[in-house]
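This report refers to the structure that appears directly beneath it.
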Amino acid sequence: MSAVDLYAAAAEGFDGRVSHAAAVLQSAALDHAGRIVQSTSLGAEDMVVTDLIARHCLRIPVATLDTGKLHAETLALIPRIEQRYGIPVSVYRPGHVEVVQFVSRHGERAMYDSIALRKACCGVRKLEPLGRMLTGASAWVTGLRREQSGTRGGVPFSEADDQGRMKFNPLADWSWGDVWRYIAANEVPYNPLHDRFMPSIGCAPCTRAIALGEDFRAGRWWWEDEAAKECGLHVKPTEGALA
Ligand code: SF4
C-alpha cells in the first residue's frame, strides 16, 4: 500500500487551505523579491510547497541541504524536481574539513552517544550550511505544520526567526491527510521511503520506520526524549535547542 493510499484524506476546508497557502507564498514572494528562498528537506510537505511555487510561477528559488547522510531515495528527488518543474535546486553541503574533524574526533555514530553530540553533528551538517543558504535572505519558506509534533503545535503562517528574517510556513494549518490529498491530486513526486512507513524523513542514521499508531515523528531521533527532537533548524534560541 502506498503512502497516498494510506494517508490521503478528504477533509472539509481543503480547497480553502490550498488557496490560503498559495496566497501566503504569493505575498511572501512579492514582499521579499530577490531575498527569499524555499529551504526544502525534500519531505512530503516541502514537495507540496515546491509544487505550489512552481504552479504559481513564483520567484522563490528552491534550495536544500545535503548533509552527507541522506538516503539515496531522498537525493534522487533533486533531479526529479528539476525535471518535473524546470527549476534548479541549489544544494548546500557541510564543510569537508569540519565533517572530517567531527568524525575523526567523535566517530561516525556520535549522534547515538549523547544529545550534545547529536546536536553538534546537526550543527556541522545542517546549521552551518543553512546559514550559508540564508545569507543575504530576508525570508525563507518551510513546510512546517502544527500537527507534526507538540513542539510545532503553535506554528504560525509567518514569524521572525532568531536572525530577524521572516519565516513563512504556508502549510501551518494543513493535516497530514491534506498533504497527501494534494500530492495525489497533483501527482507531486515524493520520496518512496514514505511508502515504507517513514512519514518524517531526515538523515539515514537518524530515521526509522514507525509502527501503526506511533507518533508522526517517532521515527526521528527515536532514542531521545520528545523535547529534544529538533535539529535546531526550526527552534528559537529561547527554546534552548540551538546550543
Ligand atoms: S540528523 Fe543525524 S546524521 Fe543528520 S546531521 Fe543530525 S545527527 Fe547528524
Side-chain angles (χ1 to χ4, degrees), residues 37-47 62-78 89-135 140 142-145 148-152 155 161-163 167 169 190-194 196-210 214-237 239-243:
V37 62
Q38 182 201 0
S39 173
T40 174
S41 68
L42 305 169
E45 291 92 342
D46 286 316
M47 296 305 294
V62 178
T64 194
L65 305 174
D66 175 2
T67 63
K69 291 288 187 183
L70 298 179
H71 300 87
E73 292 90 338
T74 303
L75 290 170
L77 279 168
I78 296 171
V89 178
S90 301
V91 180
Y92 289 80
R93 298 181 174 85
H96 178 70
V97 171
E98 287 77 6
V99 168
V100 168
Q101 283 177 346
F102 181 85
V103 171
S104 64
R105 192 170 300 159
H106 302 293
E108 286 283 0
R109 295 173 57 81
M111 67 284 289
Y112 303 123
D113 291 342
S114 70
I115 290 177
L117 281 175
R118 194 274 287 169
K119 287 186 175 176
C121 183
C122 285
V124 169
R125 294 182 183 275
K126 290 183 173 179
L127 292 184
E128 189 280 326
L130 178 73
R132 273 186 278 121
M133 180 198 293
L134 298 181
T135 298
W140 51 311
T142 83
L144 293 185
R145 291 183 302 113
Q148 283 167 334
S149 71
T151 57
R152 297 182 179 182
V155 166
D161 71 11
D162 60 300
Q163 302 292 313
K167 185 161 80 165
N169 311 304
Y190 69 87
N191 193 328
L193 295 176
H194 288 306
R196 293 180 231 159
F197 301 99
M198 291 187 191
S200 177
I201 301 169
C203 294
C206 301
T207 304
R208 67 158 170 78
I210 64 169
E214 270 194 306
D215 185 67
F216 182 86
R217 279 171 70 84
R220 301 291 298 281
W221 305 298
W222 60 93
W223 63 93
E224 294 182 357
D225 286 345
E226 187 61 33
K229 285 189 179 184
E230 291 287 353
C231 59
L233 299 190
H234 300 298
V235 180
K236 292 180 177 176
E239 291 165 332
L242 274 176

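The figures that follow rest on heavy atoms only: side chains count, while hydrogens, waters and symmetry mates do not. Everything numeric in this text was worked out from a predicted model, so none of it was measured. Each ligand, and each atom within it, is numbered from 1 in the order the structure gives.
Note that the CD1 atom of I201 and the OG1 atom of T207 stand 7.0 Å from one another [nearest 0.5 Å].
Counting heavy atoms closer than 4.0 Å to ligand 1, residue C206 contributes side-chain atoms (C-beta onward) but none from N, CA, C or O. Contact annotation: for M111 versus ligand 1, heavy atoms closer than 4.0 Å belong to the side chain alone.
Ligand-side atoms of ligand 1 in range of R118: 7 (S), range being under 4.0 angstrom from any heavy atom. Heavy-atom contacts of K126 reach the following atoms of ligand 1: 1 (S) (cutoff under 4.0 Å).
For the pair I78 and T64, the tightest heavy-atom approach, listed with the atom from each and the gap, is CD1-CG2, 3.9 Å.
A cation-pi arrangement is present between R145 and F216, with the terminal nitrogen or guanidinium carbon under 6.0 Å from the aromatic centre and inside a 45° cone about the axis.
Using bins of under 30°, 30° to 60° and over 60° for the plane-to-plane angle, the ring pair W222/Y112 lands in the tilted bin.
Of the candidates C203, S41, P129, L65 forms a side-chain contact (heavy atoms from CB on, under 4.5 Å) with just one, namely P129.
Contact annotation: C121 places an N, O or S atom under 2.8 Å from atom 8 (Fe) of ligand 1.
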